[in-house]
Amino acid sequence: MQYWLMKTEPATFSFDDLMKAPKRTTSWDGVRNYQARNFMQQMKVGDQVIIYHSSAEPPGAAGIAEVAGEAHPDLTAFDAKDDHYDPGSTRDAPRWFVVDVRGVEKLERLVALEELRGNPALADMRLLQRGNRLSVLPVTAAEFREVRAMAKRKPR
DNA sequence: GCCAACGTTGGC
DNA sequence: GCCAACGTTGGC
């Protein structure tokens, strides 16, 4: 089993939106970055995912999800009217993929980015590396456990 | 293959 | 709204 972190802007699609979705599941569409795509293609059913709220006040880890369906073509790339349309992706040769993500549980509290940065146990977390902009990132098992543990403790 | 211009992400 | 840190595009 592997662990991941996926970013979303809660103003567009929040963790609560995921929990309210049919079967608490949604296709994670719109990823248009090759490195992020490659990570999604590595995901297996049952992999655990931290859902992270970006461009939020405050930004931080909001909830836990799991991979419910492995990579398959992102249909929004074929739709000329969609914001994420890419004429370079065709049904014969899809360029972009989604995974299906199922909400598992909301964290007891949002663990803010600032607090993640302040935790020495997370010093190597990829999310916190300078200049990181990837919307899909691997997380180690230890980092995953630590973020969950932080949500159960009082904020510092 | 180089690299300047441009677009995007995302924290602040 | 600003801007650093990217990734992408396209001329050459």
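Atoms considered below: every heavy atom in the structure, side chains included; atoms not considered: hydrogens, waters and symmetry mates.
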Answer yes when A:D74 and A:R32 have at least one side-chain N-carboxylate O distance shorter than 4.0 Å, and no when they do not.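 Salt bridge present between A:D74 and A:R32.
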
Is it true that A:E66 and A:R24 have a side-chain N and a carboxylate O under 4.0 angstrom from each other?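 So A:E66 does not pair with A:R24 through a salt bridge.
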
Can you sort out the partners of A:E146 under side chain to side chain donor-acceptor pair (under 3.5 Å), two or more places apart, ordered by chain and number?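 Side chain to side chain donor-acceptor pair (under 3.5 Å) list for A:E146, sorted by chain: A:N119, A:R153.
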
Between [N] atom [atom2] and [X] atom [atom1], what is the distance in whole Å?
X	N	atom1	atom2	value
A:Y52	B:dG10	OH	C1'	8 Å
A:H84	B:dG7	NE2	C1'	15 Å
A:D86	B:dT8	CG	C1'	15 Å
A:H53	B:dG11	NE2	P	12 Å
A:R95	C:dT8	CZ	P	10 Å
A:L113	B:dC12	CG	P	5 Å
A:R117	B:dG10	CZ	P	13 Å
A:W96	C:dG7	CH2	P	13 Å

With a 6.0 Å cut-off on ring centres, are A:W96 and A:Y34 close enough?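 Yes, the ring of A:W96 comes within the 6.0 Å limit of the ring of A:Y34, centre to centre.
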
Which residues in residues 126-137 of chain A have at least one heavy atom lying under 4.0 Å from any atom of DNA chain B?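 Per residue number, the list reads A:R133, A:L134.
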
Before giving the answer on side-chain hydrogen bond (donor to acceptor under 3.5 Å, both in side chains), spell out for A:D100 and A:S27 the whole-Å C-alpha distance, their side-chain angles and the decisive distance to 0.1 Å. CA-CA 4 Å; A:D100 300 324; A:S27 288; 2.7 Å; yes

Taking the inter-plane angle between the rings of A:W28 and A:F13 on a 0 to 90° scale, is it parallel (under 30°), tilted (30 to 60°) or perpendicular (over 60°)?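 Correct class here is perpendicular.
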
Phosphate contact (B:dG10 OP1 or OP2) by A:K7 side-chain N/O below 4.0 Å: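 Yes, because at least one side-chain N or O of A:K7 sits under 4.0 Å from OP1 or OP2 of B:dG10.
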
